[in-house]
J.: 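Below are the structure tokens for one structure; questions will follow.
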Amino acid sequence: MAGKYQSLRGFRDLLPGETEHWQRFEARAQRLLHAYGFREIRVPHLEATELFTRSVGEATDIVGKEMFTFEAGRDSVTLRPEMTAQVCRAYIQHGMDRLGLNRLSYIGPAFRKERPQKGRLRQFHQIGVELFGEASPEADAEVIALGMAIVTAAGVAGTKLLINSIGDSDTRPAFRDALLEALRPVAEQLCGDCQSRLERNPLRVLDCKKKKCQELSADAPAILDFLSEDARTHFDGVLANLEELGIEAVVEPRLVRGLDYYVRTTFEIRAEGLGSQDTVLGGGRYDGLVRALGGAQITGMGWAAGLERLFIAAGLDDQPVAPELDLYVVTLGPKARRMALPLVQALRAEGVSVSWDSSGHGLGGQMKRAGRSGARFAVLIGDDELSRGQATIKDLAGGGQSEGPIDALGLARWTRDQREREG
RNA sequence: GUGGGCGUAGCUCAGCGGUAGAGUCCCUGACUGUGGAUCAGGAUGUCGUGGGUUCGAAUCCCAUCGCCCACCCCA
């Protein structure tokens with residue numbers, strides 16, 4: 001508990017050892033996204049509040065109590081609680097439907113003002129994709145396949161794909177009424193949360209984890225029975241395509257996603273061992289959203305995954321990455337010290353990763369720093385080495401010592417040879 | 001917003017009325033040119049903050065802030 005200032009609740013620093021995990025995942029993810037033909041879009045962190053209230057839904061918790069909203073002069077602005085609405089806004093704003101830009105991906109922070117806990121922070125990070133203008137079952141299957149690949153790329157094993165169709169916006173009211181009719185008589189027996197859900201969003205009662213509520217809603221009508229002919233065909237097509245791709249999907253009729261804009265296909269990928277935070281990726285189809293935000297009638301399908309949760313599910317959260325470096329230059333005496341900076345610069349230009357200590361510590365201190373830097377070899381240069389024209393090179397893992405080149409080009413070649421020898 | 005747990009050295013934690021401790025890390029030396037092992041020495045704290053009880057409070061009481069975990073909800 002040192003220092004006067006502390007990061008804000010729900011906001012945290014990513015330190016070296018952890019950032020490497022992020023970099024590795026991001027590199028792998030970008031390769032995958034590229035392989036699927038997606039191109040990255042970067043949208044602002046701040047947006048007009050109305051964009052989110054319109055798209056995510058007034059009644060959702062996100063809009064109701066979790067947004068970081070500020071008054072900026074006459075405008076109300078909000079730190080994005082998710083990115084789909086923004087990507088749609090940008091899609092419309094830049095006329096992307098005419099530019100052939102219909103496969104978009106994003107990665108970055110999002111903000112929700114809720115009580116932090118494991119795998120849930122006020123600033124968290126999402127990676128996601130949006131596929132516009134393709135309403136086919138194949139599109140759904142492809143987007144889901146990409147989601148599975150991303151989760152796998154993060155190193156998560158033991159995933160489970162849950163899928164459902166919540167029908168179209170014009171058939172949902174019928175289901176909602178039927179559901180209400182079935183649940184009203186037993187409303188008293190539902191848990192407190194569900195009683196309020198009954199009014200706000202009855203579909204979510206199906207999603208309640210409490211046993212009693214599940215029993216009470218067991219005999220309630222299933223949404224799949226209310227699908228229109230089109231929606232039913234579409235859903236069957238999605239399932240068939242997933243099977244064709246060898247992706248195992250569990251139809252979960254109780255799966256209801258929280259955001260208002262979803263229609264037809266909804267799905268989540270869950271990871272084992274994460275408790276209530278086990279949904280690592282979630283998404284679905286949102287065919288009416290672009291239109292609702294003022295664009296043309298263009299369909300959409302996408303998902304978002306939480307990076308913090310992915311890393312927890314992959315078991316990476318408590319495994320810091322050790323530093324790696326080719327060389328650490330240790331100098332003795334003023335002559336050697338004067339040539340150190342030009343030397344390390346020349347080595348870097350040759351693609352060798354190298355560090356050194358410019359603060360004038362003694363040999364012991366420098367060796368200690370060399371050991372901690374993660375360097376494979378320490379290159380010792382003192383008066384002896386300068387007169388001999390040979391550097392002393394110490395193997396920091398094995399402890400052995402030998403002579404080696406003292407000039408940049410020679411050292412660079414020597415380093416490359418070592419790398420090759422060690423694979 | 002609700003419930004529970006915890007705040008003592010950079011880190012992990014012990015102490016639970018009588019002068020603030022351990023391990024680790026850090027610094028110095030044994031080794032006048034060698035890190036990681038060993039040994040010896042050293043440094044480090046408004047004991048989260050404010051108030052109260054007491055001759056005396058890290059310890060008991062009250063308040064407050066912060067963190068963690070869970071619920072709600074979600075990625």
Side-chain angles (χ1 to χ4, degrees), chain A residues 1-12 15 56-57 59-67 80-84 107-128 147 150-151 154 191-194 196-197 200-201 204 207-210 256-259 268-271 274-283 302-313 328 330-333 336 357 361-375 377-386 392-401:
Chain A
M1 200 64 42
K4 183 175 172 186
Y5 297 109
Q6 218 77 4
S7 54
L8 295 172
R9 157 180 291 195
F11 290 75
R12 65 169 196 143
L15 303 184
V56 175
T60 61
D61 273 18
I62 292 179
V63 169
K65 58 180 192 187
E66 294 173 1
M67 294 207 300
R80 61 190 193 193
E82 59 120 34
M83 275 93 114
T84 296
I107 184 165
F111 307 82
R112 291 183 198 173
K113 194 167 163 186
E114 51 188 346
R115 208 68 169 263
Q117 59 186 286
K118 196 176 185 66
R120 170 199 271 162
L121 294 159
R122 287 183 168 188
Q123 176 178 336
F124 62 110
H125 297 79
Q126 287 192 329
I127 184 170
I150 288 280
V151 172
C191 71
D193 291 325
C194 282
S196 59
R197 281 183 189 125
R200 283 206 332 259
N201 190 353
R204 295 212 63 84
D207 210 21
C208 186
K209 277 129 202 150
K210 298 216 169 61
V256 176
R257 313 230 73 252
L259 280 38
E268 330 188 320
I269 299 174
R270 293 189 187 169
L274 273 194
S276 58
Q277 244 83 203
D278 62 353
T279 300
V280 111
L281 180 150
W303 51 253
L307 297 195
E308 285 82 0
R309 283 189 193 177
L310 279 177
F311 296 145
I312 291 171
Y328 197 96
V330 171
T331 64
L332 283 144
D357 175 38
H361 286 100
L363 181 54
Q366 291 187 60
M367 285 305 293
K368 188 164 208 168
R369 276 153 234 268
R372 261 199 306 208
S373 74
F377 298 98
V379 178
L380 282 71
I381 300 174
D383 291 341
D384 292 358
E385 284 78 8
L386 286 172
T392 300
I393 299 182
K394 178 157 186 174
D395 180 338
L396 287 169
Q401 205 158 281

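In what follows, chains are A, B, ... by sequence order, proteins preceding strands, each numbered from 1.
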J.: Is the distance from OP1 or OP2 of B:G36 to the nearest side-chain N or O of A:K394 less than 4.0 Å?
T.: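 For A:K394, the contact criterion (side-chain N or O under 4.0 Å from OP1 or OP2 of B:G36) is not met.
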
J.: A:R112 side chain: which of B:G33, B:C74, B:G36 is closest?
T.: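 Nearest listed nucleotide: B:C74.
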
J.: What nucleic acid atoms does A:K118 come within less than 4.0 Å of, heavy atoms only: base, sugar-phosphate, or nothing?
T.: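 If one applies the 4.0 Å heavy-atom cut-off, A:K118 turns out to touch the sugar-phosphate alone, with no base involved.
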
J.: So A:R369, base contact, sugar-phosphate only, or nothing? Heavy-atom distance under 4.0 Å.
T.: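 The residue A:R369 makes sugar-phosphate contact but no base contact.
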
J.: For the C1' atoms, the ones on B:G3 and on B:U12, what distance do you get once it is rounded to whole angstrom?
T.: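 B:G3 and B:U12 have their C1' atoms separated by 28 Å.
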
J.: So what does A:G333 hit on the nucleic acid, given a heavy-atom distance under 4.0 Å: a base, only sugar-phosphate, or nothing?
T.: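 Since no nucleic acid heavy atom lies under 4.0 Å of A:G333, the category is nothing.
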
J.: Which part of the nucleic acid, if any, lies within contact of A:E82, taking any heavy atom under 4.0 Å across all strands shown: a base, the sugar-phosphate backbone alone, or nothing?
T.: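 The answer is nothing, as A:E82 stays clear of every strand by at least 4.0 Å.
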
J.: Could you tell me the separation between the CE atom of A:M83 and the CD1 atom of A:I127, rounded to the nearest 0.5 Å?
T.: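 A:M83 CE to A:I127 CD1: 9.5 Å, rounded to 0.5 Å.
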
J.: For the pair made of CD1 in A:I312 and C1' in B:C68, what is the distance, rounded to whole Å?
T.: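 Taking atom C1' of B:C68 as the reference, CD1 of A:I312 is at 13 Å.
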
J.: Using the C1' atom on both, measure B:G10 against B:U19 and round to a whole Å.
T.: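 Roughly 26 Å separates the two C1' atoms.
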
J.: How far, in whole Å, is B:G48 from B:C6 if one measures between their P atoms?
T.: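 Here B:C6 and B:G48 have their P atoms 14 Å from each other.
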
J.: Would you classify A:Q401 as touching base, sugar-phosphate or nothing, given that sugar-phosphate means primed atoms plus P, OP1 and OP2, and contacts are heavy atoms under 4.0 Å?
T.: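 Base: the residue A:Q401, judged by heavy atoms under 4.0 Å, touches a nucleobase.
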
J.: Rounded to the nearest 0.5 Å, how far apart are CG of A:D395 and CZ of A:F377?
T.: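 If I round to the nearest 0.5 Å, the distance is 5.0 Å.
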
J.: Enter the distance from A:Q123:CD to A:S7:OG here, rounded to the nearest 0.5 Å.
T.: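 One finds 10.5 Å between CD of A:Q123 and OG of A:S7.
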
J.: Would you kindly give the CG-to-P distance between A:D395 and B:U34, to the nearest whole Å?
T.: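 The distance from CG of A:D395 to P of B:U34 comes to 18 Å, rounded to the nearest Å.
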
J.: Considering only atom P, compute the distance from B:A14 to B:C60 and round it to an integer number of Å.
T.: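 B:A14 and B:C60 have their P atoms separated by 14 Å.
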
J.: When the C1' atoms of B:U46 and B:U34 are considered, how many whole Å apart are they?
T.: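 Those two atoms are separated by 42 Å.
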
J.: Between B:G33, B:A75, B:G35, which nucleotide gets closest to the side-chain atoms of A:M367?
T.: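 Of B:G33, B:A75, B:G35, B:G35 is nearest to the side chain of A:M367.
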
J.: In this structure, how many angstroms lie between the P atom of B:C69 and the CZ atom of A:R9, rounded?
T.: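 In whole Å, B:C69 P and A:R9 CZ are 12 Å from each other.
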
J.: Using the P atoms only, state how far B:G36 lies from B:G45, rounded to an integer number of Å.
T.: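 My reading of the P atoms in B:G45 and B:G36 gives 25 Å.
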
J.: Between B:C67, B:C26, B:G33, which one does the side chain of A:L332 approach most closely?
T.: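 For the A:L332 side chain, the nearest candidate turns out to be B:G33.
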
J.: Hey, what do you get for CD (A:Q401) to CG (A:L396), rounding to the nearest 0.5 Å?
T.: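 Here the interatomic distance stands at 9.5 Å.
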
J.: At less than 3.5 Å, do the side-chain atoms of A:E66 and the base atoms of B:G1 form a donor-acceptor pair?
T.: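 Under the 3.5 Å cut-off, the side chain and the base do not form any donor-acceptor pair.
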
J.: Rounded to whole angstrom units, what separation is found between the NZ atom of A:K113 and the P atom of B:G1?
T.: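 Atom-to-atom, A:K113 to B:G1, this comes out as 9 Å.
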
J.: A:Q6 side chain N/O closer than 4.0 Å to the phosphate oxygens (OP1, OP2) of B:C67?
T.: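 Negative; the distance criterion is not met.
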
J.: How does RNA chain B read in dot-bracket, base by base from 5' to 3', with Watson-Crick or G-U pairs under 3.5 Å and | used when the partner is on another strand?
T.: ((((((((.[[[[.)..(..]]]].(((((.......))))).....[[[[[..)....]]]]])))))))....

J.: Show, in sequence, the C-alpha distance, side-chain angles and deciding distance for A:I381 and A:L386, and conclude whether the side-chain contact (heavy atoms from CB on, under 4.5 Å) test is met.
T.: CA-CA 7 Å; A:I381 300 174; A:L386 286 172; 4.1 Å; yes

J.: Under 4.0 angstrom, heavy atoms only, what part of the nucleic acid is A:L307 near: base, sugar-phosphate, or nothing?
T.: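 The answer is nothing, as A:L307 stays clear of every strand by at least 4.0 Å.
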
J.: What is the distance, to the nearest angstrom, from the CG atom on A:L8 to the C1' atom on B:C67?
T.: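 The answer, rounded to whole Å, is 13 Å.
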
J.: At what distance, to the nearest 0.5 angstrom, does CZ of A:R309 lie from CG of A:L307?
T.: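 Nearest 0.5 Å value for the CZ-CG distance: 11.5 Å.
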
J.: Would you find a donor on one side and an acceptor on the other, under 3.5 Å apart, between the side chain of A:T279 and the backbone of A:L281?
T.: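 A pair under 3.5 Å: no.
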
J.: Working note: A:R369 + A:Y328, criterion side-chain contact (heavy atoms from CB on, under 4.5 Å); need CA distance, chi angles, decisive distance, verdict.
T.: CA-CA 9 Å; A:R369 276 153 234 268; A:Y328 197 96; 3.3 Å; yes

J.: Which whole number of Å gives the distance between the C1' atom of B:C62 and that of B:G23?
T.: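 Their C1' atoms lie roughly 35 Å apart.
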
J.: With the side chain of A:K368 defined as its heavy atoms from C-beta on, choose the nearest nucleotide among B:G36, B:C67, B:C74.
T.: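 Between B:G36, B:C67, B:C74, the one nearest the side chain of A:K368 would be B:G36.
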
J.: Quick one: pull up CZ in A:R270 and CG in A:D278 and give me the separation to the nearest 0.5 Å.
T.: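 The CG atom of A:D278 is 5.5 Å from CZ of A:R270, to the nearest 0.5 Å.
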
J.: Contact class for A:A370 vs. all strands (heavy atom < 4.0 Å): base, sugar-phosphate, or nothing?
T.: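 If one applies the 4.0 Å heavy-atom cut-off, A:A370 turns out to touch nothing in the nucleic acid.
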
J.: Check every strand shown and say whether A:A110 touches a base, only sugar-phosphate, or nothing at a heavy-atom separation below 4.0 Å.
T.: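 No contact at all - A:A110 keeps every heavy atom at 4.0 Å or more from the nucleic acid.
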
J.: Is any side-chain nitrogen or oxygen of A:R122 closer than 4.0 Å to OP1 or OP2 of B:C74?
T.: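 The answer is no; no side-chain N or O of A:R122 sits under 4.0 Å from OP1 or OP2.
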
J.: Send over the distance from A:Q366 CD to B:U28 C1', rounded to a whole Å.
T.: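 That distance rounds to 17 Å.
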
J.: Once hydrogens and angles are ignored, does a donor-acceptor distance under 3.5 Å link the base of B:A75 to the side chain of A:E114?
T.: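 Checked by distance alone, the answer is yes.
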
J.: Report which part of the nucleic acid A:G119 touches: base, sugar-phosphate, or nothing (heavy-atom distance under 4.0 Å, all strands).
T.: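 Answer is base: heavy atoms of A:G119 come under 4.0 Å of a base.
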
J.: On RNA chain B, compare the nucleotides closest to A:A305 and A:P116; which residue's is nearer the 5' end?
T.: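 Of the two residues, A:P116 wins.
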
J.: Thinking salt bridges, do A:R112 and A:E114 make one under a 4.0 Å N-O criterion?
T.: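 No, A:R112 and A:E114 are not salt-bridged.
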
J.: Quick one: is A:Q126 getting a side-chain N or O under 4.0 Å of the B:A75 phosphate, OP1 or OP2?
T.: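 For B:A75, OP1/OP2 do not have a side-chain N/O of A:Q126 under 4.0 Å.
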
J.: Flag the pair A:K113 / A:P81 as yes when at least one side-chain heavy-atom distance between them is below 4.5 Å, and no otherwise.
T.: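 Answer no - side chains too far apart.
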
J.: Using a heavy-atom cut-off of 4.0 Å across all strands, would you classify A:L396 as base, sugar-phosphate, or nothing?
T.: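 Here A:L396 touches the bases of the nucleic acid.
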
J.: Can you tell which of B:U34, B:C71, B:C27 lies closest to the side chain of A:R115?
T.: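 It is B:C71.
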
J.: Send over the distance from A:R270 CZ to B:C74 P, rounded to a whole Å.
T.: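 Nearest whole value for this atom pair: 12 Å.
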
J.: Taking B:G4 as the reference, what is the distance to B:G41 when you measure between their C1' atoms (whole Å, please)?
T.: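 My reading of the C1' atoms in B:G41 and B:G4 gives 46 Å.
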
J.: A:G382 near the nucleic acid: base, sugar-phosphate alone, or nothing, with a heavy-atom cut-off under 4.0 Å?
T.: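 Touches nothing.
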
J.: Does A:R12 make a side-chain donor-acceptor contact with the base of B:C67, cut-off 3.5 Å?
T.: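 Not at all, since no donor on one side and acceptor on the other fall under 3.5 Å apart.
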
J.: Answer with yes or no whether A:K65 presents, from its side chain, a donor or acceptor under 3.5 Å of a partner atom in the base of B:G1.
T.: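 No such pair is found, so the answer is no.
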
J.: Starting at atom CZ of A:F311, determine the distance to atom C1' of B:A75, rounded to an integer number of angstrom.
T.: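 That distance rounds to 13 Å.
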
